[in-house]
There are 2 protein chains.
Amino acid sequence: MAIYDDILAKVREQLPRMTHARKCVLRCLCESEQPLAANDMQVMLADADVDAATIYRNLETLCQIGVVHKVEMSARGALFALADNDHSHSIKCTECNCRVDIGDCFMAEVEALIQQRTGFDSVRHLVNFTGVCPQCRQPQQQ
Amino acid sequence: MAIYDDILAKVREQLPRMTHARKCVLRCLCESEQPLAANDMQVMLADADVDAATIYRNLETLCQIGVVHKVEMSARGALFALADNDHSHSIKCTECNCRVDIGDCFMAEVEALIQQRTGFDSVRHLVNFTGVCPQCRQPQQQ
DNA sequence: CCCTTATTGCAAATCATTTGCAAGTGAAAT
DNA sequence: ATTTCACTTGCAAATGATTTGCAATAAGGG
Ligand SMILES: [Mn+2]
Ligand SMILES: [Mn+2]
Ligand SMILES: [Zn+2]
Ligand SMILES: [Zn+2]
């Protein structure tokens, strides 16, 4: 949990209090491979005695200080992830819902290209890959 | 609206009825650059006399026949897009919310790489780019 | 134009998110 | 260790999205 401790230290520098609920939210984000919805965290923290409203408020605060990034996918419902990078991606099977890791993030070149084409700075991405896994492809064979 | 007519024809082949509501949903998806949430369509169709429940039910049906793809970003709240490809991507400024087109989709190589690494078939993607636009970067200069 | 039945609208149920407010608690100062 | 005070939290109510049952509607074939 080196990452978790680092993040905790960074947050302590920027916010006046470090509370139980705040730690829980940060732990969720550290543990997750994918960006999470607030609701996903409610589920993860079912036994942790953290009110839903508190999760939402902490996410907003953590976004304000730049430790967490929010991606609004549409009017209602955003996803949250640590601003700190170093992540990998995965792909989910549309048939059996299994999830397989793809490996380290390979979007750096794509982001550089976007920066060139558009002049945008601080380019970030959220990607979601789906497909059909080898097991689901040939239900009759083997 | 060549795309719209093509899609309409394809759906007619696979479903017994082509209704006002169904056309509206398909038109939304054809017109949008980005994947849409059901709720986004409710907004777009505010004047079209289509019940919200009907939008949800049509989306489910269209997914079943494979004309629409659903991407579940988390427990609640999915995004929908035409299965038909040929799309472009855009990037949204986190400061002013402006959106700039990036150009044709450049994810083909990435998808090929994923297919190699994981053995998955029919790989699809949903991407979301954010950054800071040139105007928002230097609020003081020029 | 009539029939059949897929599809819709409406209303109610369910569940996620937001907000106000009083109570609780982290951490700095004593 | 105790005190103190602003920051945070929990709770409850409000808001808004999504789902579901059911009777009414309408698309398309005959
Ligand atoms: Mn990445
Ligand atoms: Mn693309
Ligand atoms: Zn599978
Ligand atoms: Zn901007």
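Quick caveat: nothing in here was measured; it's all calculated off a predicted structure. So you know, we letter chains A, B, ... as the sequences are listed, proteins then strands, and number each from 1.
Hydrophobic clustering (side-chain heavy atoms under 4.5 Å, transitive across Ile, Leu, Val, Met, Phe, Trp, Tyr) keeps Ile65(B) apart from Val132(A). A chain of hydrophobic side-chain contacts below 4.5 Å, direct or via other Ile, Leu, Val, Met, Phe, Trp or Tyr residues, connects Met41(A) to Val67(A).
The nearest whole Å value for the distance from the NZ atom in Lys23(B) to the P atom in dT8(C) is 12 Å. Counting to the nearest Å, the P atom of dT20(D) and the CD1 atom of Ile55(B) are 17 Å from each other. Spacing between atom CG of Asp49(B) and atom P of dG9(C) amounts to 7 Å, rounded to whole angstrom units. Between Leu15(A) atom CG and dT9(D) atom P there is a gap of 10 Å when expressed in whole angstrom units.
His89(A) and Phe129(A) have perpendicular rings, their planes meeting at more than 60° on a 0 to 90° scale where under 30° would count as parallel.
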Practice task
Give the B/S/- string for nucleotides 21-30 of chain D, one per nucleotide from 5' to 3', where a protein heavy atom under 4.0 Å of the base yields B, of only the sugar-phosphate yields S, and otherwise -.
Solution key: BB----BS--
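Ring centroids of His69(A) and His125(A) are separated by 6.0 Å or more, keeping the two rings apart.
Here the straight-line distance linking atom CG of Leu26(B) with atom CG of Asn58(B) works out to 7.5 Å at 0.5 Å rounding.
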Problem - Check against side chain to side chain donor-acceptor pair (under 3.5 Å), Asp104(A) and Ser88(A) - result: CA-CA 4 Å; Asp104(A) 290 337; Ser88(A) 66; 5.8 Å; no
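Looking at residues 58-71 of chain B, you'll see Asn58(B) sit with a heavy atom under 4.0 Å from some atom of DNA chain C.
Both Asp51(A) and Gln42(B) lie close to DNA chain D; mapped to their nearest nucleotides by heavy-atom distance, the more 5′-ward contact belongs to Asp51(A).
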Please list, one pair per line, the donor and acceptor atoms closer than 3.5 Å that link side chains of residues 42-53 of chain A to other protein atoms, with sequence neighbours excluded.
from, atom 1, to, atom 2, distance (Å)
Gln42(A), NE2, Tyr56(A), OH, 3.4
Asp51(A), OD2, Ala53(A), N, 3.0

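Side-chain polar atoms of Ser90(B) and Glu33(B) form no donor-acceptor pair below 3.5 angstrom.
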